[in-house]
S.K.: 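Questions regarding the structure given below will be posed in turn.
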Amino acid sequence: MSASRSFLVPAVVVITAACPLVHGEKEAPSAELHEDYGKVKELLAAKCHSCHGPLKQKAKLRLETRDLMLKGEVIVPGQAAKSLLIERVEDMGEDRMPPPEEGAALKFGEIALLRRWIDGGAKAPADEPVPQGPGGHWAFQVPRRTALPDDAGNPIDALLQKRQTALGLKAQPPAQRTILIRRLYLDLIGLPPTREQLNDGRPWESIVDELLASPRHGERWARHWMDVWRYSDWYGLDKQLRNSQKHIWRWRDWIVESLNDDKGFDHMIHEMLAADELAPDDTDTLRATGFLARNYYLFNRTTWLDATIEHTAKAFIGLTLNCAKCHDHKYDPITHEDYYRFRAIFEPHQVRLDPVPGETDFEKDGLPRVFDDHLGAPTHLHIRGDPKNPDKSRLMEPGVPGILASFAPPVEPVKLPAYAYAPASRDYVRKDRLDPVRAEVETAKKELAEARKKATEAPREEAKPKPGEKTKPGKEPPSAPPRPDFVVKDDFGKPNPELWEVIGEGWHYKDGAVCQATATRDTERLLLRPEVPRDFEMTCRYMHTGGATYRSVTFRFDVSPDRKYANYVYTSAHASGPKLHVAYTRGGKSTYPSEGLVAQPIEIGKPYTLRLAVRDRLVNVWLNDKFQIAYTLPDRKPGGGLELSGFDATVAFDDFSIRALPGEVELTKSKNKEPQPAPEPVDSVEVSEARLAAAEARLASLQAIFAAEQTRGDPVAYKQASKRAALLETEALKAAGEYESKAFATDAGKVKAARAKIAKAEKKLADTGADRVTYTLPRVSRKALETPAHKEGQYPATYPETSTGRRLALARWMTSPKNPLTARVVVNHVWLRHFGEPLVETVDDFGLRAKPPTQQLLLDHLAADFMENGWSFRRLHRLIVTSGTYRLSSTSVDADARTRAADPGNRFYWRMNVRRMDAQVVRDSLLHLAGALDLTSGGPSLDPGDAVRRRSLYFKHSRDQQDKFLKTFNDADHLQCYRRSESIAPQQALALSNGKVPIEMAEKIAGQIEGEDFVGPMFELLLGRKPDAAERRECETTLADLEAIATEAKKPNPAQRARRGLVHALLNHNDFVSIR
Amino acid sequence: MDINRRLFLGRSGLGFGSLALSAMLQGAERGVNGLSQVAPKAKSVIWLFMRGGVSHMESFDPKPALNELAGKSIGDTRFHYVQDPERLRKVRVVVVNDANGQQRNKLYPLQVGYKKYGASGIEVSDWFPHIGGCIDDIAVIRSMWTTDDNHGAQVQFHSGRHMLDPRVPTIGAWVNWGLGTLNENLPQFIGMGPRFFDRSDGHYLGPAYDEVKLKIDPRNPLDYAKPQGDITAEEQRLGFGLVNRLNRLSLGRYPDDAELDARIKSYELAYRMQTSVPGVVDFEKETEATRKLYGFDQNETRPFGQQLLAARRFVERGVRFIQIMHGDGAAGAWDQHSNLKSGHTKLAMQVDRPIAGLLKDLKSRGLLDETLVVFATEFGRTPGSQGANGRDHHPYAFSVWMAGGGLKGGVTHGATDDIGFHPTENPHYVTDVHATLLHQLGLDPHAMEVPGHKRLEKDFGHPIQGIIS
């Protein structure tokens, strides 16, 4: 026998021996039971019951007990050969049972078993009860409390002790206090206690209450629920959003806040499934519907709804509804029709991003939420689950599974406020959209003032080009006198204010360089004061020292005073595409020509020398003396400024020189097509007046449109306001056309377009006699595409004014006191996370296959108590962690030998289970002990990585993004994680011993304890208890060895280094990652 | 399910818990998860996967009829029946309205020639001359099919399950799970090359059964292979030693704690792994001739060649499953919707010499008999053209080949119709490849289950008897 068998077999045997205990309330009289009968029942259950059992009785036959078989006349005791049962399972033809489409034929051994049992007289225990129908299933009965005497104490202890006493089991004593406190901290807030907290002498209940009230508690438990409710950040390729939604973190924040507020789980369900129907104008509450928005799937609506159905059912009511997608459920009383009735609840719903105050760009922020869009969308049953084969003869009405439908509330449509269906009516939206237009008006006013001033100062204006007269691109720029002697050098050894104008914060001189220490996208820059000649050659040595995304260093020339005109070259250390690039800005807009780009590895911390030679419009660029780019710019405006800057980057410039380009230097010709210069607005009083008029008209138009939006719901006012909005919109169009025709007078094409605009507007204005009240609805929210073929613009800008109310009815059914499942399922999840084992093993399946739990009275009591007390998680946690059971020691040392042998799997909770920390707790604990954890709450999800200091639940967690360290420690599967797996792998050992975070944190933690005795306090801090003599000796010895080798290797501060080594080792101790 | 789930998972982790270790010490080659091996023919698998979809007609299933019928619409030829909807219905569409994964009607001629190779005379395209040279050691299966018309079929080939189904463990994870270790110093399941659709293998078996990702860089071949901070080797040795002694002291406190026991073993393996793995990807000791055999002398072939040479070195050291993906990008480089000719020319060149080199090298060292080499891809390409010069995804028929590990050489198995549209004999779904592999490794797929999950609940598959010698 192999070693492996010798392990597995005894384990199975031991547990089987414990079965009479394990299988719960009714202990079977196994002595009288014919030994084959149990196997026969198991076989028939697996092969036959789906058609001949509690769910279905094909041919009016049931096969669950001997009596039922006799009644169905399929067995003749003692005569297998004459038994129909045997005949049918042995049939080789079309009468074979089970039929081919239902399952494989019985094997010889299985048939032999049936024959042996029948031939042996078909013995079965007397008075075998006829199994109840599915309605009698334990989990379909409303859970009830167990009546306990007033002085029974904690009901958990009372109920468990009753069983233990009956079975003669003896519980272990409580764990030592520091171990207990560590257990409590890790369970309730996910962070380990400090030494002071470990030795907190206050009563247990005070500590419990303090931790339950801590904002950290919501974060800890939010991560658990994020597992069960399938939290996932968005995923997409290119710009295509394929899964979940952008900014879905708002739902995560809602979970954290709801738990910290102890909102009540019934309310949480209502809000997650139907906040849009329950609180349509409460944006905080709407975040909850991220639960549904997370299922968004671009490519296939059926896949999207399948996920919604499956995981809503598994998460809240513990039913595997998904098994009824193609046919009736094989094991549970859920029909094929039930599945599509459940689908009909979700059929109308779609997903959108609503605007949030202060942001109009949905890439940057927004609120993902659901809403009912296609109110009349029909649901048809898919024959055999095939979406290409719908049964159009019937319409599936929304509904919950029939067996539990008796207490379902009616579906009532919900009338929505304008706030919900027309988001443009919101005050903050109006403000956010109007503010930039108001700013435009102000700018236009200033420009007009300047233009007027200029006009009076220089009365003889240069002849303007006539409209239609086209200026040639790249015409010779005004010839500045060549200045062959022009030379400027700076080694940035010290500030030189005569040479440079330093603009913005963060510049400083250090080690012979001028450095920008903060990475911003603002206009921090060094502006060269002397004017640069048209043709010049610049050389600069510099280093990218860090930054955020783009990490660019930019050299601009020809920069106009308003910075709306510039030519430039930059190097970017952008992680996904580092490059060297020539680009230009015209009229404030930058163009990044592909012919001016060279992909180039740009590394942080490596010095680069960039040489730039410019002759007229031709630019040559070298990097580290290697020629890289020749590019011809569309035009030049010499005489502008020259600037050095970083963009999203920190940078150090350490040598700079510039001189007039000598005539003899030959430049490489460019190959790019000469870009057409973008026409620029002509500068004049007349144009500025037109511009102001256009801006004011646009403002008036938008104000009128938003005013109209706000009158929605009042038909008379709306009609009037709409009319005015339509008129002003047309006038704004005309004003824009007039401005453009003047501003771009040199561009025939633009003038033509502008005139067409005017003509269109005039035609519309002439038309106002009719009852024309249409204006362009502002599109202020973004609906997620229903299929890849759709475009956002094809969806209406407002949404249906009612919602079907189907989801709200579903949520109320789930939280009805008559619903037997919801509270049981959630209590089971909570129990699992406190004890490491659930009360019901199949946490997502409470159907007929879920055996009555060993501790059913306990589960039912807790579920009933939960419902009766406002579905309060805080109360449930408190009940659990203040129980004596929770506080038992986890060791079996000195345990009663009989108890240990009778219940090695600890089914009766005679000791605490040891658990491994979740991945997030491992990482958070490392940071927290080091005092390095940033406890900022909430906000956008963070890119994973070793440099992040926030709690791990704030990491992006999606198909494509998962932190490597967390993944090693069995992070949640984002697709479904009703329960995390736990494994022990060498990769975990490598991550903890070689990973950057543990090493860095070990160093910081080591610095936290000073004084003579290092080992004792440190051991206690990291592992929650003091070391015993042997452990202390091992630690002291290693500490001394570490110090000796550090001294020998002449490492600085060897004592401290040795302490770091010891801390690092203790962080790798099994008990560090264990919750004892 | 009454087996304590945590106990179970804890004890079985990565095949080096107490069981595996004691099995190993006894020199026994036994399955660690209660799967006794039945007469294993192969010890290890080298799994080569061409990401994107290799054209079967232009690799291992040449179809001269395409040249005759070039430009004709399928419906106008005698092969009009292949598009009968009934024959296409197995495909499950992930991306509705996708521009790719469509029927392509206009037949497109072969973009490369082909000829017979070896004593067996099996026809191979001119893009794979070196593999052609090894054809007498290869069993070509020309009748594969799958059900995903998009690149999620990569997941399907590795797991047996469609992209729209829940993720389940891949074949590599199961082999890792089912077989004991042959080398206490190395991980049992190593992966190289790009992945995209599913980057995990273990799934419900846990991350202990994920591939251990390897880079061809002796200085840093594994994640967390060396301390990311200033810790000397001597300090590390002292640290590991202390951890080990302290954990052993804890055993006295928690005598029934299976996890503690497994963790002690995991630290022992981790410590050995970090020192032994870098040596395997250090090719210093390989001869010039060997390096050349794998294509180290050419820029195009070197990167893949290095991975294959590393694979051989892992096989020599007893690693069970080496999974090498070829072809970068989201879909995979072989995805030639356009420019099929230039694309396949370039990619085939990257892999042809190194793969032939691997087969020859294994053979000359006597390793081919106990090593199964698999060459696979997620699907074939359409007989019809897409755009001017490409082919679309074709899940209905494609080719894979296997070599070594007790399989026949110089044989073809299964066939497609003359335009390569459907299998005409011995069709095989991807799990048949898994079943063949498990069979040769001596593993019983029916015994592959952990609490709550049974591999065969859905993943049926039958060994391809026709290629087993």
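The sequence lines fix the lettering, A, B, ..., with proteins before strands; numbering per chain opens at 1. It should be emphasised that the depicted structure is a prediction, and the values quoted were computed from it without experimental measurement.
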S.K.: Under a 4.5 Å heavy-atom cut-off, does chain A meet the side chain of B:L238, its backbone, both or neither?
M.R.: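 For B:L238, heavy atoms of backbone and side chain both lie under 4.5 Å from chain A.
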
S.K.: Heavy-atom distances under 4.5 Å only: say whether A:R242 touches chain B with side chain, backbone, both or neither.
M.R.: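 Answer is neither: A:R242 stays 4.5 Å or more from chain B.
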
S.K.: What part of B:D198 lies closer than 4.5 angstrom to a heavy atom of chain A: side chain, backbone, both or neither?
M.R.: neither

S.K.: Let me confirm one number: the NE2-CG distance from A:H1069 to B:N244, rounded to the nearest 0.5 Å.
M.R.: 10.5 Å

S.K.: Side chain, backbone, both or neither: which part of B:R263 has a non-hydrogen atom closer than 4.5 Å to chain A?
M.R.: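 For B:R263, heavy atoms of backbone and side chain both lie under 4.5 Å from chain A.
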
S.K.: Which heavy atom of A:D1071 sits nearest a heavy atom of B:S250, and at what distance?
M.R.: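 Shortest heavy-atom contact: OD2-OG, 3.8 Å.
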
S.K.: Taking all non-hydrogen atoms of both residues, which atom of B:Y224 and which atom of A:G995 are closest, and how far apart?
M.R.: CD2-CA, 3.6 Å

S.K.: Over all heavy atoms of both residues, which pair between B:R253 and A:R1025 is shortest? Give the atoms and the distance, please.
M.R.: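 Shortest heavy-atom separation between B:R253 and A:R1025 comes out as NH2-NH1, 3.1 Å.
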
S.K.: Indicate yes or no: does A:K967 engage B:D210 in a salt bridge with an N to O separation below 4.0 Å.
M.R.: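 Yes.
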
S.K.: Go through the atoms of A:V997 and report whether side chain, backbone, both or neither lie under 4.5 Å from a heavy atom of chain B.
M.R.: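 Contact with chain B involves no heavy atom of A:V997 at all.
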
S.K.: Between A:D1041 and B:R237, is there a side-chain N and carboxylate O pair less than 4.0 Å apart?
M.R.: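 No, this pair does not count.
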
S.K.: Given that the side chain runs from C-beta out, which part of A:N906 has a heavy atom under 4.5 Å from chain B: side chain, backbone, both or neither?
M.R.: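 Neither part; nothing is under 4.5 Å.
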
S.K.: With a 4.5 angstrom heavy-atom cut-off, could you sort out which part of A:I1045 is near chain B: side chain, backbone, both or neither?
M.R.: side chain

S.K.: For a quick test of reading the model, state the closest non-hydrogen atom pair linking A:R1057 to B:I231 and the distance between them.
M.R.: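 Closest heavy-atom pair between A:R1057 and B:I231: NH2-CA, 4.3 Å.
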
S.K.: For A:L990 and B:A270, work out which heavy atoms get closest and say how close.
M.R.: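 Distance-wise, the nearest heavy atoms are CD2-O, 3.6 Å.
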
S.K.: Who among B:L249, B:D230, B:T232 has the most heavy-atom pairs with chain A under 4.5 Å?
M.R.: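 When all of B:L249, B:D230, B:T232 are compared, B:D230 has the most.
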
S.K.: Considering only heavy atoms and a distance below 4.5 Å, find which of B:A330, B:P255, B:G229 pairs most often with chain A.
M.R.: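 Heavy-atom pair counts peak at B:P255.
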
S.K.: Parallel, tilted or perpendicular, judged at 30° and 60°: which one describes the rings of B:F196 and A:Y235?
M.R.: tilted

S.K.: Identify which part of A:L298 has an atom lying under 4.5 Å from any heavy atom of chain B, answering side chain, backbone, both or neither.
M.R.: neither

S.K.: Out of B:N247, B:I264, B:V243, which one racks up the most heavy-atom pairs below 4.5 Å with chain A?
M.R.: B:N247

S.K.: Looking only at heavy atoms, what is the nearest atom pair of B:F240 and A:S993, with distance?
M.R.: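 B:F240 and A:S993 have their closest heavy atoms at CZ-OG, 3.5 Å.
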
